[in-house]
Amino acid sequence: MNFNAPHIDYAALSPVLALTVGLCVVLLSGVFKPLKRAIPGLTLLTLATTAGLLIWRWDNPQDLVSGALRIDDLAISISLIAILTAGFAVLLSIREPATEEAGPGEYHALLLGSVLGMVLLAQAQNLVTFFVGLETLSIPLYILCATNLRREKSLESGLKYLIVGSLGSATLLYGMAFLYGGSGSTDFGGIAHGIAQKGVLGDPLVLVGIAMTAVGLAFKTSIAPFHQWTPDVYEGAPSPITGFMAVATKAAAFAVFIRFFDVALAPQVDDWQPALAVLAAISIVVGNVGALGQDSLKRLLGYSGVAQAGYILGGLVVASEAGVNAIVFYLAAYAFMNLAAFAVVVARERETAFGDHIDAVRGLGAERPQLAWPLTISMLGLAGLPATAGFIGKLYLIEALVEGDYTWLAVFIAVGTMISLAYYLRVVAAMWMRPGGEPAATPAIAGASPEADPIDPEAGRRLYLVGPALLAAAATIFFGVIPQP
Amino acid sequence: MSATSWAWLVLLFPLLGSIAIALGFKALPAKAAGAIGTAAIGLAFLCGVGALIHLLGEAPDARHHASSLWDYASVAGLDIKLGIFVDPLSVFMVLIVTGVSTLIHLYSFGYMQSDEGYHRFFSYLNFFVFSMLLLVLAGNFVLLIVGWAFVGFASYALISFWYRRQTATKAGMKAFVINVVGDIGLVLAAFLIFRELGTFEYSEVFAKAPQVFHTNEWTVTAICLLLLVGAFAKSAQLPFHTWLPDAMEGPTPVSSLIHAATMVTAGVYLIARTHSLFVLAPTAADIAAFVGLATLLVAASIALVMTDLKRAIAYSTMSQIGYMVVGVSIGAYSAGMFHLMTHAFFKALLFMAAGSIIAAMANEQNIDKMSGFGKAMRFTSVTMLCGGLALAAFPGTSGFFSKDEILAYASARGGMYLIFTVLGYFGALLTAIYTFRLIFRVLPGKPCPEAQELIDTGHVHHAHPFNPATGEEEDTAVGFPGAEHHIAESSLPMRIAMGVLAFGALFAGLVQVPGVDDMVTKFLDPVFADSPLAAIHPSVAASWFGLAIGAAISLAGIGIAYFLYVARPETPAALQKRFSALHTCLYNKWYFDEAIDFLVVRPALAIGRFANRTFERLVVDGLVTGTEDVFGGGGRLVQLVQSGFVRSYALLLIVGFAGLALYFLLSSS
Amino acid sequence: MINSLLWTPLVFGLIGLVLPHRYAGWWATLGTAVTLGLAISMVIGFNSGAGLQDTVDVNWIPGLGVDYSLGVDGLNVFLILLTTVLWVAGTAFAAFREQERPHLFFLMMLLGETATLGSFLAQDLLLFVLFFDLMLVPFYFLFGAWGSDREGGPSASAATLKMIVYTLIGSLLMLVAAIATAIISAQDGGHLTFSIAELAKHPLSEGSQRWIFWFFAAAFLVKMPSFLLHGWMPDAYRAAPLPALAVFSGVLAKVGAYGFLRVVLPLFPAATVEFQEVILVIALASILYGSVMAFTQTNVRLIAGYSSVAQLGFITAGIFALSADGSDGAVLQMVNHGLVVAPLFVIVAILAERSGTEDLREMGGMAMKAPVLAALFLIVTLATLAMPGSANFVGEFYILNGLFDSKIVFAFVAISGVAMSAYYALRLYQRTMHNRKPAGLESREINLRDGIVLVPLVLCIIGLALYPQLILKRTDGAVQQSVASVTSSKKPVALTHQAQPAILRVIPQASSQ
Amino acid sequence: MNVEWYIVLSSLLFAVGAMGILLRRSPVVILLCLELMLNAGNLALVAFSKMVGNQQGQIFAIVVMVVAACEVVVGLGLIVAIFRRKLPLDVDELRELRG
Amino acid sequence: MEAVMFFLAALGALGGAIGVVAMRSPFYGVLALIIHLFSLAVLFLLLSSAFVAAAQVVVYAGAVMVLYVFVVAYVGGDTESAWEPIPGQRFLAPLMGAALFVELSIAVLSSSLMALGTHGADTKPGFGDPAGIGKLLLERFLLPFEASSILLLLAAVGAIVLAQRKAEQ
C-alpha cells in the first residue's frame, strides 16, 4: 500500500493557512502577559493578512486539496465579508466585558476559529468539509455567546444555541447521509453526477435528503420556521459577537447554501425551488411581524435578520447567476448596515444603563449625532430606502426574482419591507423625534445588579466604536449611490 | 380710435380704478378714493359713448367688431383668446352699466362717507363695474364665464361687505354658491357648444349653429337649458332666486347697483346675446319665458306682504326681471332690453331713496315702523315717488312704455303667448299695488319718531348701531357701518345722482314711444336681425291699445293701494286674517328657502357629517388600523410562539422539518 | 445644467451643516434661490417644440440596465419650476422662524428638494422610483421631528410613521412593477433597459400590463392621496410643520399625478384604456369625498388637505380623460394647485400664530386689522375654488372639457365638485377672516417677513391667471405625445368593446349631422 | 441483512433522539440525545458506505465522531458554567430570553 | 447468524436509545448511552467497518462517556420532575417523533434505489480496515481531517473558557 500525499497548492490555500497560524499565535499570546495588550492588534493583523491573500487570489478559481475546497469569486467575496465583520467585531470587543471574562487570547482565538470555519465553509465542496466547516464555525460561536459568564442571559443564549444548533447539525448530517446514499459520493460534483446518472432523480431518498440539508442550512441562515434561536441568541450574546454572528454566519451559510443547492442539487432544482420560495415567504412574514413592537434593539435586529434572510433566500430560489450576484451584494450591504447598527448598540450599552433597550437611543440625535447618523442610515438601509445599499440590494434581488419568474416572491419582499418600516423607523423616531411615550422608568438592568456591566460615559466618543459605525454607514451610502464602483 | 379700442378703454378704467384704490388704501385719503372710483367709471362711460358714436357712424350690418389681446389658453384644439366683441347690444349694455354706475358711485361718495371700509368699498365697486363690463363685452363664452363669475364674486364681496355681521357673510355665501351653480351651467353649456361646434367664439358659434343644429334638436335645447341655469341663477329667477332678498344685507348702493340695476339683469343679456341658439330651441325659449312669468307673479305676490323695505324692493326687482326674461325669450328682444334700461333707472332710484330713509331710521328697515317721511325728507320723497310711478308703470313714465311693449309683443305673437299678455297685466296690477303700498306706508301720514326728529332737529336719528336682521348690537370697528353712518339726502353728490335718475325714470321712456321714435329698437335691430322673431312687430295701434290698458291697470293698482293703505288702513289686517293661509305662504316666500334647505343643504351637510364622523373613522381609518392590527396580531403571535422554551423551539424545528420532508415526499412520486 | 439643478440643493444642505446655527436657514434659502434661478433659466431656454431636452444619460448600474438619465420636456418643465418656487417660499418661511436643530431641518428640506426634482427629472424608470421613494425620507424627519403631537391623538412620529408605511406600500410595489416592466420587455426581445422612452416603444402584453398598471397606480394614488387611500393624510397633516407641509402638499402630491402621465400612459396604454373608468370612478370619489370632507372639517389644515384630495381627483380625472385637453389641463392644474395650496398653508401658519388654534370654530374676524393679509388670503381662496379668471379655472376647464368629450357622465358628476369647492373654500375664508372675533384672538396685519414669502406666491397666481397659455403652450407637445400612445392603442379596443354602456353613446357626434 | 434494515433502524434511532430532545429538560440528557441523533447519522453513513461500496461514508462517520466529541465538550463546559453560576440545570427554567 | 447479530445489536441500540430518553436520572441515561454505543459498534462491524467500530468504542464509549460521568458526578444527577411546563409538548413530541420515523422510513422503503434491497456492494477484503481508512483520510480527506483537529483544539479552549474557575468571582 503506497501513500500519495495529495497535491496542495499552498498559494491558493494560503488564506486558510494564514488564519490557522494567526489563530495559534493569538492563542499563545494570551498566555504571556506582556503580549496580552497586543492581541486585538494581532487578530486584526491576521484578518488583514488573510483578506490580502484572498484578494490576491481574486479571479483565479481552482480546486484545492483533492477537491475539498474550491476558491473562487463567490468564496472570496463571502470570506471577505466574514473577515470584515470579524475585524469590526474585534474593534467592538475592545473593553468588552466578555473579552475579559474569557481571556483575550481565548476570545480572539475562538473568533478567528469561527472565521476559519466560515472561510472553509465558503470554499467547501464536499460534504465532509462542509460539515466540518459548519461545525468549526458554530462551536466557537456557542462558546462566544456564553462568554459573558456573569450574565445569565449570555449563558442561556449559549445553551440554547448549542442545543438547537446541534439539532440542526444532526438533521443536516442525516440529510447528507441520505444524499451520500443516493448518489454514492460526498463531493458536490459527484452528488450532482450521481443524482443525474443513477436514475434517482426525484427519488424520495434524495428528496428527503434535500429536505434535511435544507433544514440544516435554513437553521444556520435563520430562515423561519427554523429561526427561533435567532432573537434569543442575538439578545443574549455579547453585542460584538451578535454583530459578528448576525452577518458572518449568514454570509458563510448562504455561500455554502448556494454552492450546495446550485451545484450539488442542481438536477433537482424544480423540486426544491418552490419549497425554498415558500420558506422565504414565511421568513419574510414571520421576521417582519415578529420584530414589531420589540424593545430590545438586538432582538429587533434578530427578527429583522430573519426577514432579511428571507429576502436573500429569494436570490437562491431562482438559481441563476443574477440571483447569486444579488445575494453577494445583498450580504455585503447587509454586513455594512448591521455593523453600523451593532457598533451603535455596543456604544450605547456601555454608555447608558439601558442596555440594548430602545430607550438607550432615545434622543441620540441631539446627544450623539456621530452615533445617531450611522444608526439612522443603517435603519433606513435595512428598510430598503433609496440612496442606501439596502435599496440597491433589494433591487438586485427583485430583478433576479422577476427574471426567474418568481414575481410573487418579489411582491412579498415589497410587502415585507413595508411592514419592516414600522419597526426600523421606530428606532429612527426614538433617536430624532420627541418621545411618544415616557422612557422606561427603570433601566433594563438596574445599576446595582451584579450582572450590570460598568458604565463608560465616554463610550459614545471612543474612536474604536464611532469609527466603525461611521465607516459602515458611509459604506452603506456609498454602495447605495455607486453600486458598481 | 376703433370701436374695440374704445371698448378696451371702457374695460381699462374701472380695472385701473379698482387696483389703484386697493393698492393705495393707506396712502389715499377717503375722498380721493371715492373720487378716483367715480371718475374711473365716468371715464368708462365716456368711452362707451365714444364706442356708441363710432358704431353709429357705421352701416347697421357692419356694426360688430371682435378684437383680442392675447391667447389666453389655446392648445389641444381649444382656442381661447382674451377677446371682446363689440356690437350694438354690448354697447347698449355698456352705456347702461357705466351710466347707472357713475351715478351710484356718486351716490356712494356721499352715502358711504363715514364708513371705515370706504376704500375697500370703492375698490370692490370699481371691480364690479369692470367685471360687469367684461361680461357684456366678452367675445367668447369662456371670457363670458369669467366676467360672469367676477360679477358673482363682486356681488359676494359687497353683500358681505360688513363682514362682521354673520347675516351678511351668510348671505354672501348663499349668493356666491348659487351663482357658482349658475356658472357650472354656463360651463357645461360651453362644453357642449365646443363639443358640437368646436369653438367658443360668439361669432363663429352663432354663425355655425343654424347649419349644425336642427330646430329643437335636443343638443341645442340642452345647451339653451344649461345657459338658462346660468341666466336664472344670476338673474334670481325661480328656483335660484333665494339669494337675492338675502343679498340686501349689503350696503344700499350695492343693492341699487348690483342687485337691481345691472348684475341681476345679466341673465337677460345672456338670453339676448345667445338668441341665435334660442331661436333654434324654441322649447327652451318657452321654458325660459314661462319661468320668467312664474317668477314675475311669485315675486310680485311676495312683495305684497314684505315688511322689510329693501327686501320688498328686491322682490320687485325679481318680478321686473321676470318681465325682461319673458321679453327676450319670446322674441321681444329690444323691448326686453329697453325694459332692462328703464328698470335700471327707476329701480336704482328706488333703492337710493330707500337707502336714505333707512339711514334716517338708523338702520331700521321695517316699513311698519315708518311713516311721514314725505314731510321729513322732501327730496327723497319726490324722487321715490318718481321711481314708484315708473315702477308702477304710471302713464308716461319710462316703465309704462317699456313694460307695455313686452306685453304688446306677446299679444302680437299671439297664440299661446297671449297668456303672457294677460298674466303680465295681472302682474302689472300687483306691481302697482305693492309699489304704492310702500310709498303710502312710508311717505304720508303722521311722522314716526325718527321722521319727527329729523323734522324737529334737522339731524338724523341716532341709535345704537344694530343688525336689522337679528337685532344684534354691533361694534363700530371696521366691517360695520361706521358710527356716523346716517347720511340722509344731506350730501350733494347723492342729490345729483338721485336727481338724474329721477329724470331718467320719468322720461327715459320717451326714446321708444310706439310709432314715434323707436330709438332703442332701431339701434339694436342689427343684432337681432338673424332672428325670425325679430320681424314680428305689434302694430302701432295695437301698441297704443296695450298702453291704454296698461295705463288703466296701473291707475287701478294705485287706486287699490290708496284704498287699502290710506283710505281704509284697517283693511289689510282684515284681509290678512281672512286669507291667513295665503298670507303665511306669501310671508314665508312660498317656502323656497326651506325647500332648498331640505333638499340640498341638509343632505349635503348630512353626508359631510357622515363622511367625517363615521365613514372616515370606520372605513378609511379602519383600513389603516385594520392592517396595523393584522400585522400587530401576527407579531404578537410570533412572539407568543417565541416562548423562551428551547424545547419548543426544537419542536418547531422538527415540525418544520416534517412539513418540508412531507412536501418533498409528496412531490417525489 | 440639469445636473447642477438637481444637486444644488443637496450640496447647499451639506455645506450648511458646517455653518453656524444662525445662518443655516438663510444659507438654505440661498440654496433654494440659486436652484430657482437655474430652473428659471432652464424654462427660458426651453424649446417647446423640441421634445426631451437638456438630457443627461450615464450608465449607472450597468448590470441592471439602470441609467442615470435626466431630461426636461413639457410634462415636467413647469413642475420643476413649481418645485423650486415653492421650496424658496417654504424655506424662507422656515428661515424667518426659530427652528430647533436648524442644521438638520434645512438639510432635510434641501434633500427633499433634490429628491423631488429628481423624480420629476428622471427619465429612467428605476431612477424615478428611487427618487420617488427617496422623497419620503426627508419628509419623514421633517414631519416626525419638527411636527406637533395632537392632543388625544397619535404623536407626530406615529402619524408620520403611518404616512411612510402607507405611502411606501405603493412605492415598493411600484419598484417590483418597474423591474418587471423592464425584464418582461427585455424577455420579449431586446436588451435590458429602464429608459422610459425605450420601454414605451415596446409595450408589454396586455396581461402583464394589467397587474403592473395597478402596482403603479397604487403608488401614485396613495401619494396623491386619492379616496380610500388617504388614511395617512389627516394625521400626517395635523402633525406636520407648516413650512414642510406647504411644499409637501404643494409638490409631492403632484408627483403621483405626474407619474401617471410620465410612466403609466406611455408604458401601459392597453391597461390604461381598460381601467380608465375604474380610475375615473376613484377620481370622482376623491373629488366628491374630498369636497364633502372639506366642508364639514373644522381643522384648517385638514380643510386644505381634503381640498387637495378633491383637487388631485380633478387632476387624475383630467389625465384619465385620455385626451390631450384633459391632460393639458391636468398639468396646468398641478402647477396651479401647488401654487395655491402652498400659500394656503403659509396662511394657515400665520392664522394659527395669531389665534393659537387651528380650529375653525375658534377663529373669526381676523380681517379686522389685517386688510393686506385678508386680500392675499382672498386671492388664494378664489384661486382654490377655481374662480373663472384664475388659472385654476382654466385647468379645470380643460380637464372637464376633456372629460366631457370622452366620458360625459363623469364630467357631470365631477363638475359638482366645483360647486362644493366654492363652499368649502369660502367657508374657510369667512370663518377665519370674517364674522365676529372671538375674545382673546388677535387680529394683526401680516408682517414684512411673511409678506416676502406670501406676496410673490400670490403674484405667481395672478400672473398665471392672466396668462395660463405660458404653461399650456409649452406643455402641450409632450402631453399630446403621452396621450397619443394611449389613444393609438385605444382604437382597436374601442372596436372590440362594442357593448359600451348605453349612457355613453347617448350623445351623437356633431360631425354626423 | 439488507441495507434497508440498517437505514430504517437508524431513522428510528434518529426519531427517538429527536423525541428525547423534545421531552427532556436536563441539559445533560439533551446532550445525550444529541449524541443519539449524531450516531443515527453515523449508522446511516456507514450503512450507505457499505451499500455504495466506497469508504467515504466511513471517513465521514469518523469526522462526525470528532465533531460530536467537540459538541459534548462544549456542551458539558456550558453545563458546568451554568452550574457554577448557580442557575437551575433545567432548560425550561432558562427562559429569560423570549418574546 | 448475521441476522441474529443484527437483531440483537439493533435491540441493544434501540433499547439504549430509549433508555436515554426514558431514564429519569442522567446517570442512568449515560449508562444507557454506553449500551447504545456498544451496540452500534457491533452494527458497524456487521457493515464491515472495523475501524469505525473501533473508534466508536475507544473514542465514544471510552473517552467521551467518561467525561459525561465526571460532569454528571460534578453537577449532581438530580432526577427531573415529570411536570411539563410547555402545553402540548407531551402530545406533540411523540407525534413528531413518529412522523419523522414514518417519513424517513417511507423515503427509504419507497426509494427506487435497488442497492437498498441488497447486502450492499461486494467489497474487497480490507474494506473499512485501518489502512484503507487511513489512506483515504490522508489523501482525499486531508483537509477535513486537519480541520477537525483545529476544531478539537477550539472545543478544548472553549471548554476551558467556560469551565474555568474565574467565572465564580
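Contacts of E:Tyr68 classified as ring-ring contact (aromatic ring centres under 6.0 Å, His included), with partners at least two apart in sequence or in another chain: none.
Between the side chain of A:Ser66 and the main chain of E:Glu139, a donor-acceptor pair closer than 3.5 Å is present. No donor-acceptor pair under 3.5 Å is formed between the side chain of A:Asp203 and the backbone N or O of E:Ser111.
Listed here is the closest heavy atom pair of A:Leu120 and E:Ala147: CD1-CB, 3.9 Å.
Residue A:Phe131 does not touch chain E at all, counting heavy-atom pairs closer than 4.5 Å. In this structure, chain A has heavy atoms under 4.5 Å from both the backbone and the side chain of E:Leu138. Looking at A:Leu155, there are no atoms closer than 4.5 Å to chain E (heavy atoms on both sides), in backbone or side chain. Only the side chain of A:Tyr174 comes within contact range of chain E, with at least one heavy atom under 4.5 Å from a heavy atom of that chain. Only the side chain of A:Ala68 comes within contact range of chain E, with at least one heavy atom under 4.5 Å from a heavy atom of that chain. Heavy atoms closer than 4.5 Å to chain E are found in the side chain of A:Leu116, but not in its backbone. Contact of A:Leu205 with chain E is made through backbone and side chain together, with heavy-atom distances under 4.5 Å. Contact of A:Val65 with chain E is made through backbone and side chain together, with heavy-atom distances under 4.5 Å. Looking at A:Leu110, both its backbone and its side chain come within 4.5 Å of chain E, counting heavy atoms on both sides.
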Could you walk me through whether A:Asn126 and E:Phe141 pass the side-chain contact (heavy atoms from CB on, under 4.5 Å) check? CA-CA 9 Å; A:Asn126 85 32; E:Phe141 294 96; 3.7 Å; yes
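You'll find the side chain of E:Val108 reaches within 4.5 Å of the side chain of A:Phe178, heavy atoms only. The shortest side-chain heavy-atom distance between A:Asp187 and E:Arg140 falls under the 4.5 Å cut-off.
Among residues 8-22 of chain A, the residues having any heavy atom closer than 4.5 Å to a heavy atom of chain E are, in sequence order, A:Ile8, A:Leu13, A:Thr20. Taking 4.5 Å as the heavy-atom cut-off, the residues of residues 99-107 of chain E that approach chain A are E:Leu104, E:Ala107, ordered by number.
Highest contact tally toward chain A, considering only E:Leu109, E:Leu153, E:Leu143, E:Leu142, is held by E:Leu143 [criterion: heavy-atom pairs under 4.5 Å].
In this structure, CG on E:Leu154 lies 5.5 Å from CG on A:Leu23, to the nearest 0.5 angstrom. The line from CD1 of A:Ile143 to CG of E:Leu162 is 6.0 Å long, rounded to the nearest 0.5 Å.
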Which atom pairs, donor and acceptor, lie under 3.5 Å between side-chain atoms of residues 6-15 of chain E and protein residues at least two apart or in another chain?
none

